[in-house]
Amino acid sequence: MKIAFVGKGGSGKTTLSSLFIRHLAALGAPVIAVDADINQHLGPALGLDDEQAAELPAMGARLPLIKDYLRGSNPRIASADTMIKTTPPGEGSRLLRVRENNPVYDACARPVELDGGAVRLMVTGPFTEADLGVSCYHSKTGAVELCLNHLVDGRDEYVVVDMTAGSDSFASGMFTRFDMTFLVAEPTRKGVSVYRQYKEYARDFGVTLKVVGNKVQGQDDLDFLRAEVGDDLLVTVGHSDWVRAMEKGRPPRFDLLEEPNSAALQTLRSTADAAYAVRDWERYTRQMVHFHLKNAQSWGNAKTGADLAAQVDPAFVLRESVAAPA
């Protein structure tokens, strides 16, 4: 299952996504964790120290390798240089699978040991001083979108993405790449403003959106969120001594997480798992193509000097049963 955590800056989306990743790892599930926020906080939230987090390989810096591998023998893609962040797979493309080893994971993923299991962690890479005035952060997150376009995941396999803050993911089609989007919202006017933006933008694309109320301290907070987001409110999370200890770099064993917060994580997992039954790979592929053609026309063709619409394989549908190229 592909799962996104979104929300405004400071809402707690990275903390919640890291807790969810720990929850899945404790169950022994295969997990790929992706930090798609240029403010790279997921690694430390999963227990890495500053030096370890700084040493994580940036996906954005390895984009040529990613493109070259994913292109495979697809005859519709003239060269890796003509691939953009929205390029869809077709016959001959190489696909990524959660449980396998491949050159993309070798270059971009690192194992993170958690009590109860381990996950693969991938990061976009931070926005550095060298990028100022030269590139925008979408050049970093484009590597994540390209990988998601080529990633085939099955039941009980999880790809958890900590997204950029606010509604910035709507600058591309990445917001449609998920089976489930959890929006973390505080019980404040600013806290629910991103929810309204997401709800409006996602309405026409069948995006499944559920709200996780964070920093909820009492009935008044709960009533406020229910009034603002209605039935989209899935669970709420309150104060956590476990999280406080984790933020100090001294996380207790994960099985000591407070029972109400542990129950909230179980609800997130069961809700995400339920989305598997209604997966629509044809719609997923159709949306992928939609955003590729949109990006090709607006900037991709001019940048690459190629007709990127020709990259679309009209007979190809991304699905679990797609065979790997010979």
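- In terms of the ring pair (Phe, Tyr, Trp, His ring centres under 6.0 Å) criterion, residue partners of Tyr284 (sequence neighbours excluded) are, by chain and number, Trp281.
- Heavy-atom contacts from other residues, nucleotides or ligands closer than 6.0 Å to CZ of Arg283 number more than 12.
- Pairing each heavy atom of Asp68 with each of Arg94, the nearest pair is O-NH1, 3.9 Å.
- Salt-bridge annotation for Lys8 and Glu186: present, with a side-chain N of the basic residue lying under 4.0 Å from a carboxylate O of the acidic one.
- A salt bridge links Arg279 to Asp153: one of the charged nitrogens lies within less than 4.0 Å of a carboxylate oxygen.
- Distance CE/Met180 to CZ/Phe5: 10.5 Å, rounded to 0.5 Å.
- Evaluation of the ring-ring contact (aromatic ring centres under 6.0 Å, His included) test over residues 233-266, restricted to residues two or more places apart or in two chains, returns Trp242-Phe254.
- The side chain to side chain donor-acceptor pair (under 3.5 Å) with Thr87 is formed by just one residue from the set Arg76, Glu145, Gln311; it is Gln311.
- Tyr158 and Leu268 fall within a single hydrophobic cluster, where Ile, Leu, Val, Met, Phe, Trp and Tyr are joined by side-chain heavy atoms under 4.5 Å apart, directly or via other members.
- Applying the 6.0 Å contact sphere to CG of Asp280 captures more than 12 heavy atoms from other residues, nucleotides or ligands.
- For Tyr105 and Tyr69, the distance between ring centers is not under 6.0 angstrom.
- Counting heavy-atom neighbours within 6.0 Å of Gln219 CD, excluding the residue itself, gives a total above 12.
- Using cut-offs of 30° and 60° on the angle between ring planes, the pair Phe20 and Phe182 is perpendicular.
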